[in-house]
2 protein chains.
Amino acid sequence: MAYRETPAVRMRLDAARERLVAEATALVAEVGWAGASVGAVAAAAGMSAGSVYQHFASKTALAVEVFRRAAGREVDVLGAVLRDGDGDAVTRLACGVAVFARRAFERRGLAYALLAAPAEEAVCAERLEFRRRYRALFAEVVREGTTAGLLPPQDPEVTAAALTGAVGEVLVDPLAVPGAGTAAEALLAELTAMALRCAGARSVQGGNDDR
Amino acid sequence: MAYRETPAVRMRLDAARERLVAEATALVAEVGWAGASVGAVAAAAGMSAGSVYQHFASKTALAVEVFRRAAGREVDVLGAVLRDGDGDAVTRLACGVAVFARRAFERRGLAYALLAAPAEEAVCAERLEFRRRYRALFAEVVREGTTAGLLPPQDPEVTAAALTGAVGEVLVDPLAVPGAGTAAEALLAELTAMALRCAGARSVQGGNDDR
DNA sequence: GAAAGAAGTGAACCACGATTCAGACCTTGG
DNA sequence: CCAAGGTCTGAATCGTGGTTCACTTCTTTC
């Protein structure tokens, strides 16, 4: 015997894989799925096209990994607010929408890539699953709100789908082109107000102190 | 001189072009934009691939035409209800959502193609414009509702975007897989109720007698 | 430092589908 | 029927970008 993988090598390999995912994510956020060719991603990560296949079986596999990571982060964050946040269901719903929206705002390119950008079949399939998870989170809090009597009777799945679609639609396309201004904050406030109406919350308590 | 286009020829040519658009639309509704290759579309229309280029400068041009026709029809129908329909703004809004949803339901494949299916850049650009027009129609009726005091103060653009996104989200993905059953009607009712809440309409009058 | 066995490279290969084009076949006006 | 000028065809061409692979360059172990 004359060679066995050493921890240092494993680490280097793993780091390369991570770099690949990270750079691919950045590239996708910037130029979309179509623009993120294997060559471009490899170059961004400082390796050759061939080396990509050391880490992923195919470009599709890389794309799916990129999507899963980014989408997973978002779902986790939203889940933390909606499921484990403070306050009653309505408060958490408002917070959740605000968080969803603010994050999408701050990384608009990524949000677009996750929600709506043209992509290959496999990524679209992931997207479906992703949206389903978003919906499930919203549905859960809406359901809690209705059983607590804070919200009127309704199909939580429909409301949840609507919330997902609504926030996506508002943010992804070009309503508020500019960035950080007060306009963005106003849009956020408008959005959360709309979301509360959508779920049927009676009164809109000042729900702007969200994080 | 020895040849000049005769009316009969013109008609045959035009008919071929129409057939092309029609078959392409059907194909797209069935197998998506990716599956509708030039060859497949040509075959469906009973001509050779080369002949397609007699009528369209490129596959992209054909795709755009297909999209514009189908989307234009939808916008027209929605406009007829929202802008020129009977009743006050809230009633028309409810009708509009129901019509939007019902049409999408009945031609689910086409709805998916128009709203969300993976497509080439040019089609995506059209889609943006299409959604903008949808939004504009909804925004108009919401604005009318607010000035008439039927709806609370709100940013009509945000509400309109939300309605577009919400209906799209609910319909396009696979909430209600089945077709014509009472489930579909129930979903429609749920949807319009949600839309009215979303716009802030006070009471939901029985708005199911829409066409 | 030499053998064994990766990992890394990038040019060549390939699949796929849009587009072209030379020739076959029609239509028209004379 | 003929010439002129279309339309139609489908096989060949082309561009694009993912994937492969013979070869080079490390790493490890002895």
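Below, read A as the first sequence line, B as the second, and so on, with proteins coming before strands; counting in each chain starts at 1.
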Q: For A:Leu163, is there any backbone N or O sitting under 3.5 Å from a side-chain donor or acceptor partner on A:Arg135?
A: no
Q: Specify the separation, in whole Å, of atom CG of A:Leu62 and atom P of D:dG17.
A: 16 Å
Q: Starting at atom CZ of A:Arg4, determine the distance to atom C1' of C:dA4, rounded to an integer number of angstrom.
A: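 After rounding, the gap between these two atoms is 13 Å.
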Q: Looking at the side chain of A:Ser51, which of C:dT9, C:dT28, D:dT9 is the nearest nucleotide?
A: C:dT9
Q: Can I get a per-line list of side-chain donor-acceptor pairs under 3.5 Å for residues 46-55 of chain B, giving both atom names and the distance, sequence neighbours left out?
A:
from    : atom 1 : to      : atom 2 : distance (Å)
B:Ser48 : OG     : B:Ser51 : OG     : 3.4

Q: Which nucleotide, D:dC8, C:dT28, C:dA7, lies nearest any side-chain atom of A:Glu5?
A: C:dA7
Q: Expressed as a whole number of angstroms, how long is the span from A:Leu20:CG to C:dA7:C1'?
A: 14 Å
Q: If you define the side chain from C-beta out and look only at heavy atoms, does anything of B:Leu27 sit under 4.5 Å from B:Glu23?
A: no
Q: From CH2 of B:Trp33 over to P of C:dA18, roughly how many Å is that when rounded to an integer?
A: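 Taking CH2 of B:Trp33 and P of C:dA18, I get 13 Å after rounding.
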Q: Between C1' on D:dC26 and CG on A:Leu13, what's the gap in Å once rounded to a whole number?
A: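 Going from CG in A:Leu13 over to C1' in D:dC26 covers 12 Å.
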Q: Would you list the protein and nucleotides 18-22 of chain D atom pairs, both N or O, that sit under 3.5 Å from each other?
A:
from   : atom 1 : to      : atom 2 : distance (Å)
D:dG18 : OP1    : A:Lys59 : NZ     : 3.0
D:dG18 : OP2    : A:Val38 : N      : 3.0
D:dT19 : OP2    : A:Tyr53 : OH     : 2.5
D:dT19 : OP2    : A:Lys59 : N      : 2.8
D:dT19 : O5'    : A:Tyr53 : OH     : 3.3

Q: Distance only, no hydrogens: is a donor on one side chain within 3.5 Å (strictly under) of an acceptor on the other, for B:Glu120 and B:Thr60?
A: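 B:Thr60 and B:Glu120 do have a side-chain donor-acceptor pair below 3.5 Å.
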Q: Under 3.5 Å, is there a donor-acceptor pair between the side chain of A:Thr159 and the main chain of A:Pro156?
A: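 It does not hold such a pair.
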Q: Is any side-chain heavy atom of A:Phe100 less than 4.5 Å from a side-chain heavy atom of A:Phe105?
A: no
Q: How many whole angstroms separate atom CD of A:Gln54 from atom P of C:dG10?
A: 14 Å
Q: Rounded to whole angstroms, how far apart are CE on A:Met11 and P on D:dC26?
A: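 Rounded to whole Å, this separation is 21 Å.
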Q: A:Met47 side chain: which of C:dT9, C:dG8, D:dT27 is closest?
A: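 From the listed options, C:dT9 comes nearest.
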Q: Given atom CZ of B:Phe56 and atom C1' of C:dT20, what is their separation to the nearest angstrom?
A: 19 Å
Q: Does B:Ala162 offer a backbone N or O that forms a donor-acceptor pair with the side chain of A:Glu169 under 3.5 Å?
A: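 Side chain of A:Glu169 to backbone of B:Ala162, a donor-acceptor pair under 3.5 Å: no, none is there.
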